[in-house]
Amino acid sequence: MEKYIYNEQNGLWYELQGDFYIPCLELPVEKEERHIGIWGHRHLRYIREYKKVLYTDLLINGKQQSYLADVEEQAQELFDRLMKQRAEHEGITETLKAENQMEWVGRMGALWSAVTETLNTEVIFV
């Protein structure tokens with residue numbers, strides 16, 4: 001038996017695996033390489049576990065990379081904007097950083113946690 005055969009009816013190649021011919025399928029390659037950071041990877045873990053249909057659809061159509069890069073950009077922009085707005089609102093300034101570094105670190109850590117929670121509920125886990 002031949003290792004590979006071509007089926008003219010459906011235009012697919014098949015490979016012999018044991019006693020059966022299995023179709024040789026490949027996922028489409030995405031055209032662009034864009035950065036996926038922490039927010040994109042968190043969203044990927046979420047959709048892989050809880051939104052299996054969306055995950056499979058993105059993977060099969062070759063759109064996963066661009067989708068996750070869009071989520072990354074959206075989340076990073078929101079994170080930066082919220083950190084700046086809330087820091088100004090709560091009076092966390094460079095002056096505070098110069099005068100009392102430990103207080104600044106503590107307040108910025110609490111702010112970072114709050115903004116991360118907001119992002120998780122509004123962008124990542126939806």
Side-chain angles (χ1 to χ4, degrees):
M1 291 172 79
E2 295 181 41
K3 177 79 172 161
Y4 293 97
I5 61 170
Y6 182 74
N7 184 333
E8 292 182 15
Q9 286 181 320
N10 60 16
L12 291 178
W13 282 93
Y14 290 83
E15 179 180 4
L16 183 63
Q17 298 283 331
D19 293 337
F20 301 98
Y21 281 102
I22 307 295
C24 300
L25 302 175
E26 294 180 5
L27 295 175
V29 178
E30 292 196 46
K31 295 170 184 70
E32 58 182 300
E33 282 290 321
R34 293 171 53 199
H35 172 72
I36 299 174
I38 188 170
W39 306 115
H41 286 287
R42 284 182 183 177
H43 188 65
L44 174 61
R45 280 194 312 262
Y46 174 74
I47 65 171
R48 189 182 296 144
E49 188 169 339
Y50 297 105
K51 306 273 186 165
K52 294 182 189 288
V53 173
L54 173 62
Y55 172 75
T56 304
D57 185 49
L58 291 170
L59 192 62
I60 289 173
N61 292 321
K63 297 180 180 177
Q64 185 180 41
Q65 177 81 21
S66 61
Y67 172 79
L68 292 174
D70 290 342
V71 168
E72 174 70 27
E73 289 174 12
Q74 178 187 3
Q76 190 61 50
E77 288 171 7
L78 182 60
F79 180 81
D80 293 340
R81 189 174 72 242
L82 288 176
M83 283 294 286
K84 183 178 178 184
Q85 288 174 350
R86 290 184 181 180
E88 288 174 3
H89 182 263
E90 295 180 19
I92 304 172
T93 62
E94 291 298 314
T95 307
L96 176 64
K97 183 179 179 181
E99 292 173 358
N100 191 344
Q101 292 178 355
M102 291 307 291
E103 182 182 348
W104 182 86
V105 168
R107 291 175 69 182
M108 284 301 284
L111 181 62
W112 182 88
S113 294
V115 170
T116 300
E117 273 301 310
T118 301
L119 242 72
N120 285 339
T121 57
E122 292 184 11
V123 178
I124 306 303
F125 303 134
V126 290

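We number each residue from 1, following the sequence as shown.
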Inset, instruction - Take Val71 and Gln76 through the test side-chain contact (heavy atoms from CB on, under 4.5 Å) and record every step on the way to the result. - result: CA-CA 8 Å; Val71 168; Gln76 190 61 50; over 6 Å; no

Legend entry - Test item: side-chain donor near acceptor, Gln74 and Asp70, under 3.5 Å: no

Inset, instruction - Please report the shortest heavy-atom distance between Leu119 and Ala75, naming the atom on each side. - result: CD2-O, 3.3 Å

Legend entry - Asn61 side chain vs Lys63 backbone, donor-acceptor pair below 3.5 Å: no

Legend entry - Trace of the salt bridge (charged side-chain N to carboxylate O under 4.0 Å, His left out) decision for Glu72 with Arg34: CA-CA 10 Å; Glu72 174 70 27; Arg34 293 171 53 199; over 6 Å; no

Inset, instruction - Evaluate the side-chain proximity of Met83 to Met108: yes if any heavy-atom separation is below 4.5 Å, no if none is. - result: yes

Inset, instruction - Mark yes when over 12 heavy atoms from residues, nucleotides or ligands other than Gln17 sit less than 6.0 Å from its CD; otherwise mark no. - result: yes

Legend entry - His41 side, atom NE2; Ile38 side, atom CD1 - distance, nearest 0.5 Å: 9.0 Å

Inset, instruction - Give a yes or no on whether the ring-centroid distance for His43 and Tyr67 is below 6.0 angstrom. - result: yes

Legend entry - Trace of the side-chain contact (heavy atoms from CB on, under 4.5 Å) decision for Ile92 with Arg86: CA-CA 8 Å; Ile92 304 172; Arg86 290 184 181 180; over 6 Å; no

Legend entry - Beyond-backbone contact of Lys52 with Ile47, side-chain heavy atoms, under 4.5 angstrom: no

Inset, instruction - For Arg107 and Glu90, indicate whether the former's side chain and the latter's backbone hold a donor-acceptor pair under 3.5 Å. - result: yes

Legend entry - Flag, side chain of Thr56 to backbone of Val53, donor-acceptor distance under 3.5 Å: no

Legend entry - Check: Gln85 and Leu82 side chains under 4.5 Å, non-hydrogen atoms: yes

Inset, instruction - Could you please spell out the steps behind the side-chain hydrogen bond (donor to acceptor under 3.5 Å, both in side chains) verdict for Asn10 and Tyr6? - result: CA-CA 9 Å; Asn10 60 16; Tyr6 182 74; over 6 Å; no

Legend entry - Leu12 to Pro23 - nearest heavy-atom pair and separation: CD1-CB, 4.4 Å

Inset, instruction - Find the distance between CZ (Phe20) and CD (Glu15) and round it off to the nearest 0.5 Å. - result: 15.0 Å

Legend entry - Identified side-chain contact (heavy atoms from CB on, under 4.5 Å) counterpart of Trp39 within the set Leu68, Val123, Thr116: Thr116

Legend entry - Rounded distance (nearest 0.5 Å) linking atom CD of Glu73 with atom CD1 of Ile36: 10.5 Å

Inset, instruction - Indicate if Ile22 and Leu16 have the same hydrophobic cluster label, given that clusters are the connected sets of ILVMFWY residues with side-chain heavy-atom separations under 4.5 angstrom. - result: no

Legend entry - Main-chain N/O of Leu58 paired with Gln64 side-chain donor or acceptor, under 3.5 Å: no

Legend entry - Separation of Phe79 CZ from Trp112 CH2 (nearest 0.5 Å): 6.5 Å

Legend entry - For the student: nearest non-hydrogen atoms of Asn7 and Gln9, plus distance: OD1-N, 2.8 Å

Legend entry - Point-to-point distance, once rounded to the nearest 0.5 Å, from OH of Tyr4 to OH of Tyr21: 11.0 Å

Legend entry - Rounded distance (nearest 0.5 Å) linking atom CZ of Arg48 with atom CG of Leu59: 9.0 Å

Inset, instruction - Kindly give the heavy-atom pair with the smallest separation between Val126 and Thr121, and that separation in Å. - result: CG1-O, 3.3 Å

